[in-house]
Amino acid sequence: MYKKLIKLQVNSEKMECTVRNNITLLDLLRDVLDLTGTKKGCDTGECGACTVILDGKAVNACLILAVDADGSEVQTIEGVRKMSLHPLQISFIERGAIQCGFCTPGMIMSAKALLDRNPNPTSEEIKTALAGNLCRCGAYNKILYSIKCLTSK
Amino acid sequence: MIMDFEYFRAKSLQEVLLMKGKSRSEILAGGTDLLVRMKTGETNPKILIDIKKVPDLNRIILNPDGSISIGASVTFSDILESDLLKQECPILYKGAQVMGTTQIRNRATIGGNICHGSPAADSVPPLMCLGAQLLLINRNGERWLPIENFHEGPRKTCLKPEEFLCEIKIPPIQPRSFCAYLKHGVRKSLEIAIVSIGLLVFFSDEEGVIDNIRISLGSVSHIPVRSKEAEDILKGKKITKDLIEKTALTVQKSINPISDLRGSAEYRYEMAYMLTKRVLQECCNHV
Amino acid sequence: MGTDEYAIIGKNIPRIDGLIKATGMAKYVSDIKLPGMLHGKILRSPLAHAKILNIDTTMVESMPGIKAVVTAKDTFNRTFAINMRLANNLLLQNEKVRYVGDQVAAVAAVDEESALEALSLIKVDYEELPAVFDPFQAMEPGAPKIHREENNIAWYISRAFGDIEKGFDESDIILEDEFHSPPVAHCCLEPRGCVASVDISGRLTVWATTQTPHPLREELSDVLGIPMAKVRVIQQLMGGGFGSRMGMDPIDGITCLLALKSGKPVRVVNSRDEEFLSSRIRYPMWIWLKTGIKRSGRLHASHVRIITDNGAYHMEGDTVTGSAMSKFGELYVIPNVNMEAKLVYTNNVYGGAFRGYGSPQIFFAVESQMDKIAETLNMDPAEIRLLNAVKPNSITASGVQIGSCGIRDCIHRVMELSSWKEKRSQKSGPQSSVRRGIGMASMIHVGAGAKSFWGENCNYSAATVKLNSDGTADVFTGSAELGQGSNTVLAMIAAEELGLKIEDINITNGDTLITPSCRGAWGSRQTFTAGLAVKLACQDAKRQLFEVASALLEANPTDLVAQGRIVFVKKNPSKSIPFAKAISESYFNMGSPIIGKGINDDPWSTRRDPKTGYGSYASAFAFATQVAEVEVDMETGSVTVLNMYCAHDVGKAINPLLVECQIEGGVLSMGIGYGLTEKLIIEKGEVKNRNFSDYKLQTMADICNIKTVIVETIDSRGPFGAKGVGEPAMIPTAAAIANAIHNAIGVWIHDLPMNPEKVLRAIKKAQDKQST
């Protein structure tokens with residue numbers, strides 16, 4: 001059983017852990033670090049429920065090996081709220097962007113990754129950024145609206 | 001379930017080649033194809049060679065002779081963020097735009113996309129149109145290969161076990177060109193093409209006359225194809241309605257699609273014809 | 001309508017579980033971790049039809065890390081289903097497997113990897129049997145027998161109202177059309193899962209992704225042979241339901257078996273591949289409509305015939321089919337109606353409840369034909385619908401009582417919203433390669449559940465409320481929160497009834513140990529049935545409170561009002577007492593807590609007569625009309641939905657924002673997906689497109705513009721006039737798109753989904769026909 005000691009930053013917290021080579025970043029977050037906010041919807045990088053921000057970019061945690069995240073910075077949904085709720089979270093809650101909630105963490109992470117780089121995206125840019133996050137409840141319109149309300153375009 | 005493996009983070013090309021020589025080793029670039037195959041048990045490597053920290057592999061360089069070198073671990077997002085590529089190789093930019101999803105594009109690499117060998121790969125028809133050359137290196141040397149000679153079948157390439165694709169070189173782009181890339185599917189994201197087509201046209205000094213033209217299609221055969229017979233119809237000519245029709249019919253004859261989950265062979269024949277007409281009409285309108 | 005009539009009802013209150021969901025704090029089944037918890041996996045049949053000769057688990061039993069292995073031998077072999085009369089599914093098959101994905105054995109191990117390895121070491125000897133995958137072939141003599149039924153016909157029904165022969169004789173025009181609806185997957189973003197734990201005294205606690213926690217408790221108790229007092233089901237927050245989690249799923253019972261055998265907590269979660277392979281689907285249907293119409297446009301006779309592919313095991317095929325077949329004569333006034341249906345076993349994955357419960361299938365057929373009728377008579381599609389739609393406070397030929405009915409309002413308002421008349425008169429040029437069209441479709445569906453299951457009279461919901469001495473309230477409801485927002489709506493109803501603020505209300509739902517029974521979330525019933533129960537419970541608590549307060553205020557209890565956290569005399573508001581003070585008085589000076597009880601036993605509806613089918617099986621019906629505007633690419637067959645306009649009669653929108661969310665949500669994912677892109681591709685019984693790349697759900701990049709209007713008819717029975725909206729949201733969408741396509745290109749497509757290849761084929765067929 002191959003293992004590796006990895007050092008990474010998760011939600012601004014520096015940490016070291018020894019992980020098995022054959023687990024994904026998603027497994028590391030959920031099963032080892034107890035950060036269950038990031039969800040497993042398909043485990044094959046198609047639904048976006050496992051979206052986290054890795055070194056500033058939105059990625060599917062299920063398609064990244066934990067060992068591959070050695071030396072990286074990871075932001076998960078648990079790290080979005082600092083002293084108070086992030087404007088994205090407030091907007092999602094108030095504007096009806098949440099139904100069953102399973103896609104919500106992934107949606108917020110994809111949206112945050114976008115807004116962190118581009119605070120004023122167009123509707124098309126928002127759709128492109130979130131086109132890899134499936135929502136079966138169909139809350140797409142309200143999600144788009146919730147994000148749009150935070151921009152000045 | 002992913003089976004156990006050794007993980008090795010290469011710091012140089014020498015290290016990559018050294019590890020590649022070992023049996024059952026595989027390259028880990030973005031991992032967006034590889035990890036899926038490992039989870040389903042389709043592949044079971046003993047050693048994974050992570051190339052992401054190898055310098056030079058993630059660079060996009062404009063060479064003094066006007067050619068562009070793209071390192072194998074350049075991601076699709078890197079392509080979209082490159083002003084150089086947007087300006088000089090817009091067809092590759094267009095292909096990158098419609099590939100996968102944002103999350104996939106942030107990880108998937110151009111080298112991985114080429115080596116994965118899917119007939120539906122979104123980078124390949126654009127690269128074929130651009131006349132890209134692939135640099136394959138091994139411990140004893142290197143060879144350059146035109147991309148259209150690289151694929152041999154679905155998920156099968158001519159890359160030898162000890163070889164590594166490290167660079168994609170795009171020859172200098174002539175001025176006065178037009179490009180298009182159309183991907184036909186059922187929805188606008190997370191889509192594997194039913195049929196895709198890339199078109200690159202270079203115009204001569206004479207207005208509207210085509211100097212050189214490249215037509216490349218994906219998902220229409222066991223490998224991405226370049227339709228050279230169709231290209232010959234328009235070389236040295238101006239685009240006319242009749243020539244568009246003739247070219248589209250010739251493209252249709254040059255492909256050999258299958259029926260699968262995404263569409264029937266019959267539909268693919270029709271779409272290859274239709275998309276060829278559309279990109280040529282777009283080119284015509286551009287002139 | 002009086003927007004200030006209520007303090008809270010009618011307001012866009014953000015959902016009360018938004019905070020935990022937006023911060024990653026919400027716990028779903030796959031997030032649950034218990035000390036010593038094991039991981040379970042299910043062994044599924046690779047064959048569509050085979051005898052099980054032997055299951056050898058000896059290699060696995062001695063593996064370190066494997067703590068339990070179960071097969072049918074570990075069960076009582078009791079069948080289960082919502083409708084027990086036809087039940088034939090087992091938790092683990094003992095004699096035969098009947099579809100690819102059928103469950104045969106299960107293991108619980110220290111980790112998932114060990115569990116999966118163990119599965120590969122279980123040896124099952126199968127004797128493969130001939131299989132049948134098409135219901136028409138399954139009915140033929142000599143077809144492989146899947147259960148005991150002759151010709152694999154699970155159920156047959158025939159109903160007649162009026163005089164159908166005479167009806168057709170008297171009709172001026174008769175149209176006959178055939179429609180087909182494919183197998184479709186729920187694709188809840190959260191795969192099915194269950195956690196079960198048994199304590200030292202044998203008490204079982206089950207955390208389930210279930211829409212029906214109380215019925216699940218009954219089913220588990222029955223199938224496991226454990227008294228109900230020792231079974232606790234907790235409805236965990238769910239990542240989607242849409243009908244897929246109505247009633248017990250084998251995964252629930254199997255998880256319990258593993259927990260019981262190992263003595264440890266066990267968690268079993270399906271992979272996405274398993275979800276596609278083996279989960280219940282929308283029942284595929286073949287529908288024939290023969291309809292007689294008078295020249296005036298009045299519908300006069302209808303013969304509806306349905307063949308439903310049940311799949312391998314019984315779940316709800318009879319009720320879904322029965323519900324579908326009666327809808328034509330429930331939305332429109334038709335004096336002579338015949339209906340007949342057959343439910344047929346095949347070796348395909350079996351069906352179950354799926355948002356709309358047969359209505360999406362039947363309204364695709366009905367509403368497509370209504371447009372055909374309109375075209376035949378040169379009438380506007382809106383006109384034909386307005387002419388024939390049922391009226392409020394009327395009874396249909398089959399005895400269904402229509403109470404509140406806003407269908408005409410829906411049609412008028414959606415026409416206005418969509419600029420219907422103007423757009424309908426526009427025509428794309430005949431040579432244009434991209435053509436636009438606009439089409440509409442209406443629907444009726446239950447808005448309050450129905451008396452269709454479990455017994456003669458069973459559509460209740462119960463609730464209790466405790467008033468706390470500080471003026472807050474704890475409400476207990478047996479209902480299920482699937483993400484539709486029912487907990488928020490119930491909290492609003494409680495707050496309004498008690499005169500409190502929403503933050504004063506604490507809602508606990510779906511835990512069978514501490515909540516009173518409710519039949520669960522299906523039939524768009526939670527707002528209506530659970531809402532009424534909560535309202536009744538609060539009224540009961542209020543009555544007790546007013547007894548106490550009347551003494552303090554020296555007033556008659558009937559003269560008191562509770563509002564804004566105060567109890568006061570209606571005619572003399574200065575005579576008042578804070579809500580909290582009145583309760584404290586009861587608790588501390590009168591020595592009595594205040595506990596309210598509410599049972600809504602649905603006194604209005606009845607089961608349909610078993611012989612004639614006559615009867616009003618639901619106490620309220622929802623209506624809607626949607627309009628789709630599309631663009632069709634004549635050369636590729638691609639259909640783009642540009643705009644959707646939706647008008648829904650919901651009685652009273654308790655929370656208009658949540659209502660809008662349901663409507664938009666139903667349209668943008670399931671409605672449009674069902675119409676244009678979704679289909680399970682099943683070959684020789686095996687689902688082939690088992691991932692999200694090949695099963696085409698709508699993405700954010702595909703969405704159209706959508707506008708909704710809420711029509712309020714203030715139902716006389718519903719809580720504050722409310723009816724359901726969850727299912728209606730997606731019922732008419734596919735038909736509206738089909739009608740818009742016809743308007744654009746003059747082609748009828750009667751087979752879903754209307755994907756580009758199919759549309760192109762239909763265009764070419766029509767063009768060939770024209771040229772010959």
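In the text below, chain A, chain B and the rest are named by the order of the sequence lines, each starting its count at 1.
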TODO: Quick one: closest heavy-atom pair of N22(A) and I2(B), and the distance?
DONE: ND2-O, 2.9 Å
TODO: Could you have a look at L134(A), L130(A), N60(A) and say which one has the most heavy-atom pairs with chain B under 4.5 angstrom?
DONE: N60(A)
Open item on the list: Looking at chain B, which one of S110(A), A131(A), A58(A) has the largest number of heavy-atom pairs inside 4.5 Å, strictly under?
Closed with: A58(A)
Open item on the list: side chain to side chain contact (heavy atoms under 4.5 Å, CB included) for L63(A) and I104(B)? Distances and angles first, verdict last.
Closed with: CA-CA 9 Å; L63(A) 291 187; I104(B) 302 279; 4.0 Å; yes
- [ ] Tell me the residues of residues 181-199 of chain B whose non-hydrogen atoms fall below 4.5 Å from those of chain A, in number order.
- [x] S189(B), L190(B)
Open item on the list: Taking 4.5 Å as the heavy-atom cut-off, does anything in residues 6-14 of chain B contact chain A, and if so which residues?
Closed with: E6(B), Y7(B), R9(B)
- [ ] Below 4.5 Å from any heavy atom of chain A, which atoms of K52(B) appear? Answer side chain, backbone, both or neither.
- [x] side chain
TODO: Before accepting this row, confirm whether a basic side-chain N of the pair R107(B)/D68(A) lies closer than 4.0 Å to the acidic partner's carboxylate O.
DONE: yes
Task: T102(B) side chain to T128(A) backbone, donor-acceptor under 3.5 Å - done: yes
- [ ] Against chain B, work out which of G71(A), A113(A), C62(A) has the most heavy-atom pairs shorter than 4.5 Å and name it.
- [x] C62(A)
Open item on the list: If I take atom CG from residue N21(A) and atom CD1 from residue I47(B), how far apart are they, to the nearest 0.5 angstrom?
Closed with: 11.5 Å
Open item on the list: Can you tell me which portion of L114(A) sits under 4.5 Å from chain B's heavy atoms? Options are side chain, backbone, both or neither.
Closed with: neither
Open item on the list: Quick check on K14(A): does its NZ atom have over 12 non-hydrogen neighbours (other residues, nucleotides or ligands) under 6.0 Å away?
Closed with: no
Task: Under 4.5 Å from a heavy atom of chain B, the part of I64(A) involved - done: both
Task: Heavy-atom pair of closest approach, residues Q103(B) and A129(A) - done: OE1-O, 4.5 Å
Task: Option that, when pairs with chain A are counted at under 4.5 Å, heavy atom only, ranks first among R105(B), Q97(B), E81(B), K53(B) - done: E81(B)
Task: Options L35(B), L48(B), L34(B), T101(B), ranked by heavy-atom pairs under 4.5 Å with chain A, top entry - done: L35(B)
Task: Contacts of residues 118-125 of chain B with chain A (heavy atom under 4.5 Å) - done: none
Task: Which atoms of D4(B) approach chain A - backbone, side chain, both or neither, heavy atom under 4.5 Å - done: both
Open item on the list: Is it the case that over 12 heavy atoms from other parts of the model lie below 6.0 angstrom from the NZ atom of K86(B)?
Closed with: no
Open item on the list: Please classify the contact of K57(A) with chain B as side chain, backbone, both or neither, using a heavy-atom distance under 4.5 Å.
Closed with: both
TODO: Heavy-atom distances under 4.5 Å only: say whether M1(B) touches chain A with side chain, backbone, both or neither.
DONE: neither
Open item on the list: Within a 6.0 Å radius of atom CE on M15(A), are there more than 12 heavy atoms belonging to other residues, nucleotides or ligands?
Closed with: yes
Task: Partner residues of T40(B) under the side chain to side chain contact (heavy atoms under 4.5 Å, CB included) criterion, sequence neighbours left out - done: E42(B)
